Asker: 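One structure coming up, written as structure tokens, with questions to follow.
Please read these numbers as outputs of a predicted model, since none were measured by experiment. All chains are named by letter (A, B, ...) in the order of the sequence lines, taking the proteins before the strands, and each is independently numbered beginning at 1.
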Protein chains: 2
Amino acid sequence: MVSIQERQVEERLADAGVRYTGGRRRVVAALGRSGGPMSASELHESLRGSVPVSSVYRTLAVLEDAGVVEPHHSAKGLTRYEMAEWLAGHHHHLVCQGCGAVEDIELPEGLESQLENLVRDVSGRAGFRVSGHSLEVVGLCRRCT
Amino acid sequence: MVSIQERQVEERLADAGVRYTGGRRRVVAALGRSGGPMSASELHESLRGSVPVSSVYRTLAVLEDAGVVEPHHSAKGLTRYEMAEWLAGHHHHLVCQGCGAVEDIELPEGLESQLENLVRDVSGRAGFRVSGHSLEVVGLCRRCT
DNA sequence: TTCCTTGCAAACGATTTGCATTGGA
DNA sequence: TCCAATGCAAATCGTTTGCAAGGAA
């Protein structure tokens with residue numbers, strides 16, 4: 001999967017005026033492979049230590065600034081990152097209370113747009129300017145059941 | 001508001017075999033007053049330092065074990081707590097990207113139950129045993145707009 | 001007395017930052 | 001060349017824990 005996504009990231013980073021170096025490419029690739037958000041240390045491990053933890057953090061900060069990845073805050077003060085919506089598509093999360101794993105899910109089209117309207121409506125009433133939403137379903141995954 | 005909720009907490013802690021001391025009462029009261037989840041240090045401040053931070057943490061741990069409060073993970077590795085659903089009622093959150101504040105909102109009855117069905121349906125298909133869900137709407141609050 | 005609770009300070013773990021070095025355009 | 005990027009170590013910051021003192025049953 002060196003394709004479209006890779007190009008888009010390349011372009012976005014160029015626009016942001018930063019380099020798309022080897023280390024950064026590896027982090028993006030690891031995130032692209034993953035089926036859910038990953039933390040800095042998970043990325044560090046996934047890359048077999050080829051990118052030091054501090055560099056992973058800096059890379060994630062750069063990527064977040066450029067709008068390439070988005071943070072996701074989970075238990076025990078861990079922050080996990082995933083490809084931004086415009087790259088990975090809009091989706092929601094199943095969070096396992098047993099093992100802490102996070103899995104992506106998509107809602108059926110109809111329900112998704114209905115939910116969007118609802119969100120806009122309710123939030124507007126509270127004087128809130130909506131920029132996005134995320135549904136988090138908690139429970140036990142197949143393995144932890 | 002010394003009423004029902006207070007009684008329920010009292011009972012729950014008694015069942016858990018722990019004391020409902022002054023410090024713990026103050027933490028619960030502060031949470032009850034709040035319109036959204038609060039972190040340990042926010043509680044510490046809100047109580048004008050009358051409860052040391054470490055005690056706030058311990059209190060929150062006890063309350064969580066007893067099922068009186070529930071954690072909510074937010075930006076910058078902060079964990080905020082709020083009264084559990086069975087005490088505060090089911091609701092969702094508006095998260096301000098500007099100031100980080102979290103505000104509670106409720107969905108209209110109809111949409112809420114529809115959302116519940118949807119969640120059960122989609123998650124079940126993924127072999128996931130659902131225990132709850134939470135919708136997080138991100139954007140800018142009135143003050144930060 | 002006997003536990004549970006509390007406070008302070010030290011310990012921890014995730015994340016950030018200073019600084020000297022490396023590497024790409 | 002020149003500035004962004006990197007690696008390491010030290011510094012931060014939220015949170016946890018050890019231990020001795022305080023309190024209620």
Asker: Please compare A:S55 and B:G77 by the position of their nearest nucleotide in DNA chain D and report the one closer to 5'.
Answerer: A:S55

Asker: Restricting to side chain to side chain donor-acceptor pair (under 3.5 Å), what partner residues turn up for A:R80, sequence neighbours left out?
Answerer: A:E42, A:S74

Asker: Find the distance A:R24:CZ to C:dG23:C1' and express it as a whole number of Å.
Answerer: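 Checked: the CZ to C1' distance equals 12 Å.
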
Asker: Do you know which two heavy atoms are closest between A:S50 and A:P52, and how far apart they sit?
Answerer: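 Looking at all heavy atoms of both residues, the closest pair is O-CD, 3.9 Å.
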
Asker: Please list, in 5' to 3' order, the outermost nucleotides of DNA chain D lying under 4.0 Å from any heavy atom of chain A.
Answerer: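 Here the contact window of chain A covers D:dC3 to D:dA9.
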
Asker: Just checking, any donor-acceptor pair under 3.5 angstrom between side chains of A:E103 and A:H92?
Answerer: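 No, A:H92 and A:E103 have no side-chain donor paired with an acceptor closer than 3.5 Å.
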
Asker: Are A:E10 and A:R25 close enough for a salt bridge, meaning some N to O gap below 4.0 Å?
Answerer: yes

Asker: Quick one: B:H44 NE2 to C:dG7 P, roughly how many Å, whole number?
Answerer: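 Taking NE2 of B:H44 and P of C:dG7, I get 11 Å after rounding.
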
Asker: How long is the gap from CG on A:L31 to CZ on A:R26, to the nearest 0.5 Å?
Answerer: 13.5 Å

Asker: What are the residues of residues 11-22 of chain B, sorted by number, that bring a heavy atom to within less than 4.0 Å of DNA chain C?
Answerer: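 Contacting residues: B:V18, B:R19, B:T21.
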
Asker: Give a yes or no on this: more than 12 heavy atoms of other residues, nucleotides or ligands lie within 6.0 Å of atom CZ of A:R12.
Answerer: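 Yes, the 6.0 Å shell around CZ holds more than 12 heavy atoms from other groups.
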
Asker: Quick one: do the A:H93 and A:D104 side chains pair a donor with an acceptor below 3.5 Å?
Answerer: yes

Asker: Which donor-acceptor pairs under 3.5 Å do the side chains of residues 132-145 of chain B make with protein atoms, sequence neighbours left out?
Answerer:
from	atom 1	to	atom 2	distance (Å)
B:H133	NE2	B:H90	NE2	3.2
B:H133	NE2	B:E112	OE2	3.0
B:R142	NH2	A:A126	O	3.0
B:T145	OG1	B:C141	O	2.8

Asker: Under 4.0 Å between any heavy atoms, over every strand shown, what does A:T79 touch: base, sugar-phosphate, or nothing? Just pick one.
Answerer: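 Here A:T79 touches the backbone only, sparing every base.
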
Asker: Does the side chain of A:Q97 come under 3.5 Å of the side chain of B:S131 through a donor N or O and an acceptor N or O?
Answerer: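 Yes, a side-chain donor-acceptor pair sits under 3.5 Å.
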
Asker: Quick one: which protein N/O atoms are closer than 3.5 Å to N/O atoms of nucleotides 16-20 of chain C? Pair and distance per line, please.
Answerer:
from	atom 1	to	atom 2	distance (Å)
C:dG18	O6	A:R58	NH1	3.4
C:dG18	O6	A:R58	NH2	3.0

Asker: List for me each residue that meets side chain to side chain donor-acceptor pair (under 3.5 Å) alongside B:D15, sequence neighbours excluded, and say none if there are none.
Answerer: none

